[in-house]
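Working notes, structure below.
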Number of protein chains: 2
Amino acid sequence: MNKKSDTYHHGNLKEELISIALEMIENEGVEKITLRELGSRVGTSRSAIYRHFSSKNDLIQSVFIAGFEKLDKAILPSLQNDEYILTRLFNMGKEYINFAIKNPNIYRLLFGNNFSNEREESCDIEDKEIACGFHYLVAVVVQAQEKKLFKKDDPMKQAFVIHAMIHGVASMLIDNHSHIKENLDEIYKMSFDTLSSGMLLK
Amino acid sequence: MNKKSDTYHHGNLKEELISIALEMIENEGVEKITLRELGSRVGTSRSAIYRHFSSKNDLIQSVFIAGFEKLDKAILPSLQNDEYILTRLFNMGKEYINFAIKNPNIYRLLFGNNFSNEREESCDIEDKEIACGFHYLVAVVVQAQEKKLFKKDDPMKQAFVIHAMIHGVASMLIDNHSHIKENLDEIYKMSFDTLSSGMLLK
DNA sequence: AAATTATGTTGACAATGTTAACATAACAAG
DNA sequence: CTTGTTATGTTAACATTGTCAACATAATTT
C-alpha cells in the first residue's frame, strides 16, 4: 500500500490522498470529511494537502472524478458482452443501481449533490466525465434505433429519459424509500419494462 | 413582517427562524447557512436559537418539514381540478418539476441530500411527510386503475416508478444537465409519454 | 409581591479550513 | 561534490463556526 521513496519525499501522495479520501467519503459521506483526519490517515500533516490541491474543494473535485472512473469501471463490463441489445441496456441500468446501493455516499457525491454548483464554476473536466458515461448510453440508444428496436427520435433525449429514470430509482432507493430495497429486482424490472415499452416500436 | 410583543419577548421567534432559514437555504444552499447570520438576520443573537432548537440539525429538520409543506402547496392545485385523470397526473409532475427548478436548493434539501441519514436517525415525522405527498400520487394511480386506464398492478410500486421518473428528471435538470432546460417542455412530455405508454392498458 | 419559568445575551471553547514562516529532500548546474 | 533552486512537508497562528455555560430579563404563576 505505502509506496514510499518512489518518486519524491513521501511517494505518490497526491494519488494516495485521492484514494483514501474516496474511501473516507464512501464510508462516512462527503460532509464528514476533515483534512486533519485525512492527513493523519495518510501519514502526513494536514497542510501537506495544500501542496497538491488548492483547497478542500479542489481535492473533492478530484475524488469526484475518481468516483466517475469507478462508476465507469463498474458499468463497462455490462456493455461489452454482445448479448441482445435490450439485455445489455437492462444490465447496464442494473449495474448502475447496484453501484449506487453499494456506494451511496460516492453516488451522492457524483449526482444531485450540493457540490455541483461549485463544480460548475471551476471545473470543466466534469462535463467531459459526465458526458463520457452518458455517451455510452447514447451509443446504445443509437444502436437500438438502428436495429429498429426503439422509435426514431433524438437519441440524446431518449438517453436523457432513460438516465433520468435509472437515476431516479437509484436516488430514491438510497435516500428515501429504503424499505423498497427488498423488492429491488422486481421494482427495477418494472421500471425498465415501463421505460422500454414506452420507447419500443410496436 | 416583525410581529413583536405578540406572545413572548420577541414574538414568534421559532416560526420566524424557520421561515428565514428556509429563505436563506433557498438562496444559498443548505451548506452555506450559519447560525450567526441567521440570528442577526432575524434580529437576535446566535444562541437564542438554542431555546427553540436543540441543534443546527434540529433547525434544518424543521426547515425540511416546512419545505415539504411548500412543495405540497405548490402541487395541490394541479390535483384538485377534475380534468381527465392523466392530464391531472401530467400537471402534477409538471408542477413538481417546476418547484424543483424554482427552488433547487430546497429541493436538494428534501430529496437526495446528505441530511437524509441523520434525519432517518432522529426524525420520524419525516416519513409521514414524505408519505403524505407520495400518497397523493398513490391515490391518483388507484383511480387510474379503477378507470381502467392503468394496468392492474401494485399501486405503490407503480407510484414509485412514476415518482422515480419525475424525480430523476427534476434532479438531473437542476444538478447536471442544465443545458436541457431550454427544451424542458419537450423533455418532460417525452418522459411522461414514455412512462404512461408503459403503464397504459392498450 | 415573590417565585418560577421562558426566553435572550455575552463570553468562552474546541474543531475546522486556510495561510505564512520555516525546514528538508530531490535535483540541476557549476 | 558543492551549491543553488525547486518540490514537498511541518508547525504555529488565525478567523469562522457550532455549541455550551453563566448571566440577564421578561412573562407567568402563586
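Worth knowing before you read on, the calculation uses all heavy atoms, side chains too, and leaves out hydrogens, waters and symmetry mates. Within every chain, numbering begins at 1; the chains are lettered A, B, ... in the order of the sequence lines, protein sequences first and strands thereafter.
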Self-check item: Per-nucleotide protein contact string for nucleotides 14-19 of chain C (B base, S sugar-phosphate only, - none; heavy atom under 4.0 Å)
Solution: --BBBB
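Distance R51(A) CZ to dA26(C) C1': 15 Å, rounded to the nearest Å. Whole-Å rounding puts the L13(B) CG to dG8(C) C1' distance at 9 Å.
Here A48(A) pairs with L13(A), T44(A) under the side chain to side chain contact (heavy atoms under 4.5 Å, CB included) rule; sequence neighbours left out. Partners of E28(B) according to the salt bridge (Lys or Arg N to Asp or Glu O under 4.0 Å) rule, which considers only residues two or more places apart in sequence or in another chain, are R41(B). For D58(B), there are no salt bridge (Lys or Arg N to Asp or Glu O under 4.0 Å) partners, not counting sequence neighbours.
By the 4.5 Å heavy-atom criterion applied to side chains, I162(B) and T194(A) are not counted as neighbours. Between N105(B) and N27(B), the closest side-chain pair of non-hydrogen atoms is not below 4.5 Å.
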Quiz item: Which is it for F192(B) and V169(B) under the side chain to side chain contact (heavy atoms under 4.5 Å, CB included) test, yes or no, and what are the steps along the way?
Solution: CA-CA 10 Å; F192(B) 188 84; V169(B) 172; over 6 Å; no
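At the phosphate of dA7(D), neither OP1 nor OP2 sits under 4.0 Å from any side-chain N or O atom of H52(A).
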Just distance, no hydrogens or angles: give the donor-acceptor pairs under 3.5 Å from side chains in residues 86-97 of chain B, sequence neighbours left out.
residue : atom : partner : partner atom : Å
R88(B)  : NH1  : Q143(B) : OE1          : 3.4
N91(B)  : ND2  : T87(B)  : O            : 3.4
Y96(B)  : OH   : Y107(B) : OH           : 3.2
Y96(B)  : OH   : H163(B) : NE2          : 2.9

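Contacts between residues 18-25 of chain B and DNA chain C, counted as heavy-atom distances below 4.0 Å, involve no residue at all.
Separation of atoms CG (N103(B)) and CD1 (I25(B)) is listed at 12.0 Å; rounding is to 0.5 Å.
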